[in-house]
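Count residues from 1 along the sequence.
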Amino acid sequence: MKQKDIAALLDEPACAHNKKSKSGCAKPKPGATAGGCAFDGAQIALLPIADVAHVVHGSIACAGSSWDNRGTRSSGSRLFRIGMTTDLTEQDVIMGRGEKRLFHSIKQAIDKYKPAAVFVYNTCVPALIGDDVEAVCKAAESRWGTPVVPVDAAGFYGTKNLGNRIAGEAMVKYVCGGREPDPLPDAAKRLDHRIHDITLVGEYNIAGELWHVLPLLDELGLRVLCTLSGDARYREVQTMHRSKVNMMVCSKAMINVARKLQDTFGTPWFEGSFYGVRDVSQALRDFARLINDEDLARRTETLIAREEAKIDEALSPWRERLRGKRVLLYTGGVKSWSVIAALQDLGMEVVATGTKKSTEEDKARIRELMGEDAVMLEEGNPRALIDIVRERKVDVLIAGGRNMYTALKARIPFLDINQEREFGYAGYDGMVELARQLVLTIESPVWQQVREPAPWASRNPAGFNHSRGVGQ
């Protein structure tokens, strides 16, 4: 990828940095990829497209480091679960065999798995030695008739977030607009209301969360053409250009996709969340507002009234047990504010939240929810998190998996909120699951036991030195 292309992605017009100061996103700095490189960001963004062969062109370490580190679910094809790599070695680099090896790897993937398409991810080594990945992909597609999409996201280009945008750029450039949506089935044509096509951008179906929301959209007559990329299929991504409204589920990930679809096809978009009762209802209302269908708006209000009454009754016993509990939420991006709304729905108090991956709009929403004096953590090293837990008398730490051991060592109840989790918290039904997991976490008897002195501490024989294991 050329330097001007990277600069264009960093200068995203719809990004919060440009809205605030016209400065563009921060340029990559030395060490910026320590928390995830551009390749890592590109692969985890597209890996949930389930019927595609995802081939990593590079050393096997690249494939091993990033494969399956997002807990996405598929309702059908499992092809995305197979890690594929060209496994470049020193000899391949020295002898200039990288392009030839890639060509044969694409052939092997097509012959063995018959994928809907092949995505080829460029990594640092082939980018440095000058392999023409795009030309190889074009030749392979011409030879075997299967779409082969180059995703040029070498790790040294920049951060994981830049990789997300590179992935989105590849979809817009090579895939979107490739076919028209399937015609509506006869049953849908006989309905007494219109069907509207929509798309969800930056939704990854973590722990099956998308499936909590789809029944609501189906009832309203909102046909999801594609989710980029949770539980998606290649042929669905090709139809994104026909969506009437796009919902941006995670603003940091693929905002360039929503903006380019609007510029090219006039598709309006909004940023929303499916976490928390209020935000789910607001997302449904925003669809109706932008589609501008009075009948849809009326049916949306009817559905919201029914679902909110039902969920209010289901959450009542859980709210009694969670009301007043204090939470430290250390995450980022859309979850930095959307999960706050969900926790407040449960009557909990969020004492601080992480904002390392949050946009200016995310921070504005945090202040709106928590007040102007909201504590926002840009960096949360273990010592800082534990200090806040003790100063603010926190009852539970909600964060990503990497913070789990910090919490356990400090004997703090911990709930995983990031992409590795096993439970889905989106939609109205997801709120009940979130409440249940919080109660199970906070009220677990293990915390009282581990905070008490060790049983043998009060029965220490006089003069016995535990550190030496011998009598004094």
Enumerate the ring-ring contact (aromatic ring centres under 6.0 Å, His included) contacts for residues 115-139, please, sequence neighbours excluded, ordered by first and then second residue. His54-Phe119, His54-Tyr121

I'd like to check the side-chain hydrogen bond (donor to acceptor under 3.5 Å, both in side chains) partners of Gln437; sequence neighbours left out, ordered by chain and number. Glu433

Non-neighbouring partners of His241 that pass ring pair (Phe, Tyr, Trp, His ring centres under 6.0 Å), sequence neighbours left out: Phe265

Just jot down the ring pair (Phe, Tyr, Trp, His ring centres under 6.0 Å) partners of Phe287, sequence neighbours excluded, or say none. Phe270

Check whether any side-chain heavy atom of Arg233 lies under 4.5 Å from a side-chain heavy atom of Ser75, and answer yes or no. yes

Arg242: side chain to side chain contact (heavy atoms under 4.5 Å, CB included) partners, not counting sequence neighbours: Glu180, Pro181, Leu225

Side-chain donor-acceptor contact under 3.5 Å, Gln282 with Asp286: yes

Using atom types as modelled and distance alone, determine if a side-chain donor or acceptor of Ser229 lies under 3.5 Å from a backbone N or O of Ala45. yes

Once ring pair (Phe, Tyr, Trp, His ring centres under 6.0 Å) is applied, do any residues pair with Phe103, and if so which ones, sequence neighbours excluded? Trp144

Residues forming a side chain to side chain contact (heavy atoms under 4.5 Å, CB included) with Ala410, sequence neighbours excluded: Ile386, Ile412

Under a 3.5 Å distance rule, please check whether Arg223 uses its side chain to pair with a backbone N or O of Asp218 as donor and acceptor. no

Please enumerate all residues that pass salt bridge (charged side-chain N to carboxylate O under 4.0 Å, His left out) together with Arg143, with sequence neighbours excluded. none

Sequence-distant partners of Tyr405, ring pair (Phe, Tyr, Trp, His ring centres under 6.0 Å), two or more places apart: none

Kindly write out the residues that satisfy salt bridge (charged side-chain N to carboxylate O under 4.0 Å, His left out) with Lys244, not counting sequence neighbours, or none if the list is empty. none

Using the side chain to side chain contact (heavy atoms under 4.5 Å, CB included) criterion, which residues pair with Arg78? Sequence neighbours excluded. Arg81

With sequence neighbours excluded, residues passing side-chain hydrogen bond (donor to acceptor under 3.5 Å, both in side chains) with Asp131: His57

Counting only heavy atoms from other residues, nucleotides and ligands, does the tally under 6.0 Å from CD of Gln108 exceed 12? no

